[in-house]
Each structure stands twice: as structure tokens, then as C-alpha cells.
Amino acid sequence: MGHDLVIVANRLPVDRVNDERGRSTWRRSPGGLVSAIEPVMRAHDGVWIGWPGGTSQRLKPLTIDGLHLVPLSMSEEEIEEHYEGFSNGTLWPLYHDVVAKPEFHREWWDTYVKVNRRFAERAAELAAEGATVWVHDYQLQLVPQMLRDLRPDLRIGFYLHIPFPPAELFQQLPWRRQILEGLLGADLVGFQLPGAAQNFIRLVRQRVGHKTHRDLVYLPDGRTVRAAAYPISIDAAGFEDLARDAAVEERARGIREALGDPRKIFLGIDRLDYTKGIHARLRAFGELIRDGELSVEDAVFVQVAVPSRERVEHYRNLRDDIELLVGRINGDLGRIGRPAISYLHTSYPREEMAALYRAADVMVVTPYRDGMNLVAKEYVACRVDDDGALVLSEFAGAAEELRQAWLVNPYDMNGMKAALLEAYEAEPKELSRRMKAMRKQIAQHDVKAWADSFMTELEDEAHHGHTKTVRAVDAG
Ligand code: G6P
């Protein structure tokens with residue numbers, strides 16, 4: 001008997017890892033995708049297919065915390081060519097404004113196709129008749145069409161968690177047409193922002209030659225595909241509860257104390273990724289101290305950099321660049337017991353994150369390009385006293401919703417310095433006005449609302465897509 005909901009994502013919500021004693025255990029995996037999908041899985045009692053990290057072979061399906069998981073193993077070569085190569089050396093930089101140079105290698109592409117096919121085949125085995133399959137993110141863009149070929153009875157949704165680039169950049173990809181055709185296997189293709197959906201529709205028209213109208217693509221066989229925006233969010237109530245927890249509050253006080261009770265704490269929490277603008281923000285903060293606008297007696301910057309994709313060259317270089325800068329700033333501007341930047345290369349559980357959010361006066365989120373950025377939303381959800389400032393890049397998807405943040409262009413060093421200073425000096429009344437408005441937005445648009453709206457539209461589209469086509473064509 002198959003499952004009525006199958007989630008297909010490159011990663012499982014847990015990683016197979018070895019602990020200090022060399023025993024293997026499961027650990028929660030990094031990134032926004034996992035935190036967003038988990039509640040949907042629980043609500044629908046679905047099954048989740050994904051890679052458990054590493055090269056562990058022949059892992060059996062398992063249930064952890066009530067989640068049904070099906071591990072799909074990858075060989076060393078597949079990790080190098082599908083995950084590190086085509087996904088994170090080609091697509092990731094290409095889809096993020098070419099912030100770093102994408103590499104195009106034919107062997108990487110071949111392995112991307114092969115791994116996508118394996119995911120599609122596994123999903124085809126696990127799905128019940130007429131089931132819904134929800135495929136996630138840039139690592140698996142060929143799965144929708146492969147799955148439709150195997151199982152035309154399924155309802156297939158695809159959601160891209162990262163930006164979808166304008167035609168001018170996407171065009172560079174030697175396999176641009178195959179990717180578009182892969183995605184068109186879905187009934188509904190979801191993006192973070194309306195602009196991304198428009199980029200996709202335009203590319204489908206130009207590169208594949210299908211007829212399109214607004215958010216619909218008309219395929220020659222009469223099927224329609226809808227492409228629209230569903231901005232992802234967080235479990236806002238869950239974070240708020242966590243932030244109000246007595247142990248978390250106590251830990252937040254402990255963090256401030258350990259930092260020497262500075263007047264204000266700046267905070268950055270990011271996967272260590274070159275799209276996140278970590279270098280630029282630390283430089284801006286360092287210059288404010290050098291200029292005498294801020295002093296290390298009053299202010300400290302806590303930067304948590306979560307280890308990520310450590311074998312990919314761009315990521316290794318980035319780590320070195322950031323650590324060199326942190327060392328320089330602290331060496332030049334810190335005093336004994338008062339570093340300018342408190343830098344941590346590690347990942348933390350949710351409780352510690354919530355305590356950091358509560359301890360921080362100014363949250364600094366400055367990506368060059370980011371699909372959404374859930375850290376910005378988590379910070380807002382944790383500010384239960386309507387205080388604290390958010391400095392947010394215009395180029396994060398979250399900026400479309402969190403209009404009351406101090407919005408910055410991360411390429412504009414002086415603009416960023418001015419915003420950091422303004423946020424630092426803002427009056428409580430001003431902070432509260434802004435935070436209240438942002439908190440309202442997040443409370444109303446949480447991850448449950450996101451998943452519900454995607455799933456509802458998917459069910460609707462798969463039932464009525466064909467009729468809609470006929471009507472739309474009739475109408476002219
Ligand atoms: C982003 C991507 C996810 C990815 C996560 C962590 O959130 O959208 O697809 O899983 O980063 O990256 P990793 O390479 O560790 O899976």
C-alpha cells in the first residue's frame with residue numbers, strides 16, 4: 001500500500017552522522033527547507049524521500065519522531081557530481097545572481113540526470129494511486145517530468161526554495177531547456193516571489209515555445225501548468241512559545257552577561273554561504289568602530305556561521321576570507337575581554353537560536369540574493385516584547401513582507417553603515433512600531449498558511465487544470 005503524500009527533497013530532515021565515540025546517530029539537517037516541510041509532513045502523515053548525508057549504504061526506511069523517512073543513498077561520485085557539482089557548483093550560483101561564477105561540466109549534468117531519475121523511481125514506488133507528490137528545490141528539477149512519465153495518475157507539485165533567475169542569466173545554462181521541461185512535469189510550480197514565477201513563464205514561452213497566459217502554461221497535450229508565488233514562512237507560534245520559555249529567557253540573559261553586558265548586541269546567523277553577505281556586514285560594523293561611531297565597550301557583533309558544503313571550493317575560500325577579516329577587525333579594534341566580533345563556526349539547536357534572538361538588539365541579515373531568509377522571520381517571531389531592530393537586505397525574499405525593517409543594499413557600504421547606526425540608535429517607540437507591524441505579518445503568514453495554500457492550489461489545479469484550459473482557450 002502506498003502513501004497519499006510523498007515529499008521528495010534532496011535532504012532528509014535528519015543526517016546520518018558519527019558522534020564523538022564513532023557511533024552513528026541521526027542529527028537534524030541544516031537549512032530552511034527542513035524546518036518548513038516538517039509541519040506539513042506531520043499534518044498529512046506523509047513519507048519523505050531524501051539523502052541522509054554521507055555515503056552510508058542500504059539504509060532502511062525508518063520513523064523518527066513520528067516522521068516516516070526513506071533514505072536514498074548516494075555514492076561518493078554522486079555526492080561530488082550531483083550535490084557538490086551540478087547542484088551547488090552550477091545551479092546555486094547561477095540562481096543567486098551569479099554572485100559566484102557557475103561552472104558548467106557535462107559529467108556533472110549526467111550525474112544530475114541519473115540522481116533525479118533515482119528519486120523519481122523511488123517516489124513512483126511509494127505513491128498510492130492518485131497520490132500527491134511534492135518535489136522540492138533546485139537539486140531535483142527533473143523529477144516532476146520523470147515522475148509523470150512513470151505515473152500519470154499522480155498530482156505533482158514542485159516548489160523552488162531559492163530564487164529563479166531572470167532569462168538573461170538562466171540562458172547561460174547549456175541544459176536550460178531540459179530543466180524547464182523537467183519542471184513542466186508538475187501541475188503546480190511554486191516560487192518564493194512573483195518575479196521568479198514571471199521569469200519562469202517568460203523562459204518557457206521563449207525557450208520551449210509553449211503558449212502562456214499570466215500564470216498558466218498551456219501544453220500541447222491539453223494539460224496546464226500553473227506557476228505562482230507562495231512565500232515560505234516559519235512556525236511563528238512555535239518560535240514565540242520557545243522565546244517565552246523561562247529557560248530560554250534565562251539563557252538569553254546568560255548570553256548578554258557572557259558578552260560583558262554591552263549596551264547593544266548585533267547578531268548575524270547564517271549558513272556559511274557566499275550569498276549571505278557576511279563579509280560585507282562585518283566590514284561595515286568594523287568601519288563603524290574604526291570611525292568612532294560605535295565602541296567595543298558599547299557594542300559587540302555576534303556572528304554565527306553554520307558550516308556548509310565544506311568541500312566546495314567557493315565555500316572553503318569564503319571561510320578563509322571571513323576568518324581573516326574577523327581576525328583583522330578583532331586584532332585592530334578589540335580590547336582585552338572586548339572583541340569587536342564574537343565569531344562562532346558551528347550550528348545550534350532551536351533553543352539556543354531562540355536565546356540568541358532574544359539577546360540581540362539588532363539582527364543583521366544582508367544577503368546579496370536570498371530566496372526568502374527564514375532567520376529574519378525567526379528573529380521577528382522571537383521578539384515577544386515588540387523590541388529589537390531588523391536590518392534586512394532588499395535582495396532577500398523576506399524584504400517583500402518585512403517592510404518595516406531597515407532595508408539595505410548590501411553592495412552599498414555607506415548605506416549599510418548608516419542603517420546599522422540608525423537601528424542601533426533607534427528610540428524604543430520607533431522600534432516597537434516597526435516590530436509590531438512585522439510580527440503581525442509573520443503571525444498571519446506562517447508556514448502552515450504557506451503549505452495549506454500550496455496544497456489547496458495543487459489539488460485544485462490537478463482536478464480542474466484541463467477544464468480551465470478549455471475555458472481559457474474558448475475565451476480567446
Ligand atoms: C537551502 C536550500 C536547501 C538546502 C539547505 C542546506 O535552504 O534551499 O535545499 O537543503 O540550503 O544546504 P545543504 O547543501 O546542506 O543541503
Side-chain angles (χ1 to χ4, degrees), residues 7-17 26-38 40-41 48-55 69 71-72 74 78-97 99-100 108 112 115-116 119 134-143 158-165 190-193 196 230-234 269-276 278 304-316 318-319 345-348 353 365 367-378 396-398 447 450:
I7 300 286
V8 188
N10 187 54
R11 260 187 201 283
L12 283 179
V14 290
D15 275 349
R16 192 83 178 151
V17 292
W26 295 97
R27 188 187 55 198
R28 209 184 147 80
S29 14
L33 182 146
V34 165
S35 25
I37 305 304
E38 205 185 295
V40 189
M41 274 277 291
W48 183 323
I49 306 174
W51 172 50
T55 48
L69 311 176
L72 200 139
M74 288 212 216
E78 287 168 348
I79 294 174
E80 272 170 33
E81 298 188 344
H82 168 263
Y83 171 68
E84 294 168 343
F86 200 76
S87 297
N88 290 312
T90 308
L91 294 172
W92 181 268
L94 180 68
Y95 282 26
H96 286 89
D97 278 5
V99 173
W108 290 4
Y112 184 78
V115 170
N116 271 250
F119 272 93
W134 191 358
V135 183
H136 290 268
D137 231 357
Y138 60 103
Q139 305 94 341
L140 300 176
Q141 293 173 99
L142 304 177
V143 170
F158 179 90
Y159 188 80
L160 185 71
H161 291 253
I162 69 172
F164 192 78
F191 298 90
Q192 300 281 17
L193 302 181
Y230 300 86
I232 204 167
S233 194
I234 57 162
I269 302 183
D270 314 78
R271 254 186 332 98
L272 189 41
D273 194 293
Y274 50 80
T275 58
K276 301 289 185 184
I278 302 171
V304 178
V306 180
S308 186
R309 307 174 191 167
E310 290 182 286
R311 301 199 309 187
V312 179
E313 196 187 345
H314 283 314
Y315 288 78
R316 280 205 305 269
L318 172 80
R319 179 172 179 194
H345 181 249
T346 185
S347 69
Y348 288 122
M353 299 273 280
V365 182
Y368 294 121
R369 183 58 70 192
D370 207 333
M372 175 53 65
N373 198 291
L374 296 182
V375 162
K377 292 189 171 180
E378 288 171 5
V447 71
W450 167 76

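One-based numbering along the sequence shown. Both counts, for ligands and for their atoms, begin at 1 and track the order of listing. Values in this document were obtained by computation on a predicted structure and should not be read as measured data.
Residues Lys276 and Asp270 are not paired through a salt bridge, judged by the lack of any N-O separation under 4.0 Å between the basic side chain and the carboxylate. Classification of Arg11 and Asp137 as a salt-bridged pair fails, no side-chain N sitting under 4.0 Å from a carboxylate O.
By the 4.0 Å heavy-atom criterion, Ile162 is counted among the residues contacting ligand 1.
Residue contacts with ligand 1: Asp137 is placed with a nitrogen or oxygen under 3.5 Å of a nitrogen or oxygen of the ligand (distance criterion only). At a 3.5 angstrom cut-off on N or O pairs, Tyr138 does not count as close to ligand 1.
Checked against ring-ring contact (aromatic ring centres under 6.0 Å, His included), Trp108 has the following partners two or more places apart in sequence or in another chain: His105. Legend: residues meeting salt bridge (Lys or Arg N to Asp or Glu O under 4.0 Å) with Arg311, ordered by chain and number and at least two apart, are Glu76, Glu84.
Here the two rings, on Tyr95 and Phe164, have centers that are under 6.0 Å apart. Ring pair Trp450/Tyr159: centre-to-centre distance below 6.0 Å.
Taking a cut-off of under 4.0 Å to the non-hydrogen atoms of Tyr83, the atoms of ligand 1 that pass are 13 (P), 14 (O), 15 (O). Using a 4.0 Å cut-off to heavy atoms of His161, the atoms of ligand 1 that qualify are 8 (O). Remark: ligand 1 atoms within the under-4.0 Å shell around heavy atoms of Arg271 are 6 (C), 11 (O).
Contacts of His136 with ligand 1, taken as heavy-atom pairs under 4.0 Å, are absent altogether.
Closest heavy-atom approach to atom 12 (O) of ligand 1 within the set Glu84, Met372, Glu310, Arg309: this belongs to Arg309.
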